[in-house]
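All remarks here apply to the structure that follows.
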Number of protein chains: 2
Amino acid sequence: MAMGRPRAFDVDQALDKALIVFWEKGYEGASLSELTAAMGIKPPSLYAAFGNKEGLFRRALDRYEEMKGGSMDEALAAPTAREAVQRLLCHAASSQCEKGSPHGCMLVTAGLSGGEESSAIREELAQRRQAGCAKIRKRFERAKKEGDLPEDADPAALARYVTAVMNGISVQAAGGATKKELQQVADMALKALPV
Amino acid sequence: MAMGRPRAFDVDQALDKALIVFWEKGYEGASLSELTAAMGIKPPSLYAAFGNKEGLFRRALDRYEEMKGGSMDEALAAPTAREAVQRLLCHAASSQCEKGSPHGCMLVTAGLSGGEESSAIREELAQRRQAGCAKIRKRFERAKKEGDLPEDADPAALARYVTAVMNGISVQAAGGATKKELQQVADMALKALPV
DNA sequence: GAATTTTTTTAGTTTCCACTACATAAGCAT
DNA sequence: ATGCTTATGTAGTGGAAACTAAAAAAATTC
């Protein structure tokens with residue numbers, strides 16, 4: 001069988017470029033001409049490889065979580081729940097306002113509102129934020145079993161609280177807050193834990 | 001002098017309609033045809049009255065804060081800082097996921113990211129969020145003077161923390177969280193206060 | 001009633017959007 | 001080399017975006 005002309009660009013490399021644009025401008029704010037320009041390819045190549053804008057965005061999201069998910073697992077692997085949360089929040093505070101990459105978590109900034117035609121994307125983002133929250137909840141459940149948290153602690157409520165603080169940090173980072181300011185938020189937030 | 005044909009629609013009423021659309025879809029996500037349809041007017045009337053989409057949005061924002069600012073001042077008027085924060089967070093949790101109006105605070109959801117042409121709007125939103133934070137900080141400063149907060153408390157850091165939690169509540173509300181869940185976040189957040 | 005001023009209506013404008021038809025190019029198998 | 005298959009570049013598609021020119025309509029003042 002004939003194999004066809006090989007692809008002239010690297011898919012992952014192109015996704016990384018697209019990711020930056022989506023992260024910076026959001027799903028609706030990123031135009032196809034910006035995307036193709038950043039990726040160094042023409043529209044037909046993009047559509048052949050990713051289907052459409054929505055498909056490209058989902059692939060970029062996968063790439064984003066591949067990149068960021070690791071450090072979350074790492075933080076949650078801390079010996080105690082308190083230390084896990086501390087690492088989580090500190091990492092959020094510092095990573096979300098770094099020079100060289102857009103500020104704020106992409107799962108928050110890329111699509112909180114928009115037209116009807118992008119509602120599926122907002123659903124997807126909300127679902128992925130929820131998945132992050134569930135991971136934290138599981139860590140609290142484990143902590144409870146290990147006696148690391150009091151008997152009356154509510155893992156789900158704790159996880160939602162931590163998630164809310166992280167989401168809030170994203171909003172403030174997107175609005176131009178400094179790393180020091182976000183660090184203070186993280187420190188304050190820690191004091192609410194029942195340990 | 002001749003007075004000209006009188007306006008056939010009520011400006012404030014039209015602004016309220018536009019506000020709902022902007023709140024629901026965000027600045028970029030709200031199209032002029034949706035806006036004019038909701039307002040019950042034609043584009044030329046809109047442009048004559050508000051200049052352009054950006055001007056309309058700013059006026060709608062004013063209207064939004066006129067509406068929401070009152071309950072914030074009311075919450076901050078509570079006798080103690082702790083009670084003020086409690087009212088603030090509880091009100092956020094309940095008001096931001098009410099049936100009949102879009103979920104989440106408009107200052108957060110209407111524009112966290114987008115194209116270059118709407119950067120002024122994002123600046124404006126960030127500035128107004130900042131103004132809210134400053135109001136809270138002032139309340140903490142007063143509390144410190146009144147001995148309501150310990151000597152070593154940092155009003156600015158506390159205010160940023162409370163603001164972050166409120167912003168986080170907005171993100172979760174926009175993502176479909178229930179009132180009960182947000183209430184739990186508010187309760188948790190309160191425990192971080194040094195009183 | 002005529003002149004003046006401002007709003008409204010109609011019917012567009014330009015520009016950019018996501019997306020694609022089509023011809024060409026580049027690899028493989030025979 | 002000749003097919004065969006898939007990717008690429010050129011050049012566009014229809015449609016929706018924000019916005020507006022021009023005429024008709026509704027009020028005032030003289």
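Quick note: numbers below take in every heavy atom, side chains included, and nothing from hydrogens, waters or symmetry partners. Every chain is numbered from 1 and lettered A, B, ... according to where its sequence line falls, protein lines coming before strand lines.
In summary, B:Arg128 and B:Glu124 engage in a salt bridge, as defined by a charged side-chain N under 4.0 Å from a carboxylate O.
Between B:Tyr27 and A:Gly40, the one whose closest nucleotide on DNA chain D sits nearer the 5' end is A:Gly40. Residue-to-nucleotide proximity on DNA chain C shows that, of B:Pro43 and A:Pro43, the 5′-proximal contact is made by B:Pro43. Judged by closest nucleotide on DNA chain C, B:Gly4 is the one of B:Gly4 and B:Leu46 placed further toward the 5' end. In terms of position along DNA chain D, the nucleotide closest to B:Ala30 lies nearer the 5' end than the nucleotide closest to the other residue of the pair B:Ala30 and B:Pro6.
One can find a donor-acceptor pair under 3.5 Å joining the base of D:dA25 and the side-chain atoms of B:Arg5.
Across every non-hydrogen atom of B:Ile20 and B:Pro102, the tightest pair is O-CG, 4.1 Å.
A:Ala48 comes within 4.0 angstrom of no nucleic acid atom, judged by non-hydrogen atoms across all strands. Using a 4.0 Å heavy-atom cutoff across all strands shown, A:Pro44 reaches at least one base atom of the nucleic acid.
Across D:dA18, C:dT8, C:dC17, the shortest atom-to-atom separation from the side chain of B:Phe9 is found for C:dT8. When distances are taken from the side chain of B:Lys53 to each of D:dA7, D:dA18, C:dC19, the shortest belongs to D:dA18.
Put simply, A:Ser45 has a side-chain N or O that comes within less than 4.0 Å of OP1 or OP2 on D:dT8. Within the 4.0 Å cut-off from OP1 or OP2 of D:dA17, at least one side-chain nitrogen or oxygen of B:Ser31 is found. Between C:dC19 and A:Tyr47, a contact under 4.0 Å exists linking OP1 or OP2 to a side-chain N or O. Dashed line: the shortest gap from a side-chain N or O of B:Ser33 to OP1 or OP2 of D:dA16 is not under 4.0 Å. At least one side-chain nitrogen or oxygen of A:Lys42 sits closer than 4.0 Å to the OP1 or OP2 atom of D:dT10.
With a 6.0 Å radius and a threshold of 12 heavy atoms from other residues, nucleotides or ligands, A:Glu34 has its CD atom above the threshold.
Going from atom CZ of B:Arg7 over to atom C1' of C:dT5 covers 14 Å, rounded to whole Å. To the nearest angstrom, P of C:dT20 lies 8 Å from CG of A:Asn52. B:Glu28 places its CD atom 19 Å from the P atom of D:dA16, with the value rounded to the nearest Å. The nearest whole Å value for the distance from the CD atom in B:Glu116 to the P atom in C:dC17 is 13 Å. Rounded to whole Å, atom C1' of D:dA7 lies 15 Å from atom CG of A:Asp10. Across the protein-nucleic acid pair, A:Leu32 atom CG and D:dG12 atom C1' stand 15 Å apart, rounded to whole Å. Rounded to an integer number of Å, the gap from CE of A:Met3 to P of D:dT2 is 23 Å. Taking atom CG of residue B:Leu56 and atom P of nucleotide D:dC19, one finds them 10 Å apart after rounding to whole Å.
A donor atom on one side chain and an acceptor atom on the other are found under 3.5 Å apart for A:Ser170 and A:Gln96.
Listed for the A:Arg160 side chain is no donor-acceptor partner under 3.5 Å among the backbone atoms of B:Gln184.
Here the straight-line distance linking atom CG of A:Leu88 with atom NZ of A:Lys135 works out to 10.0 Å at 0.5 Å rounding.
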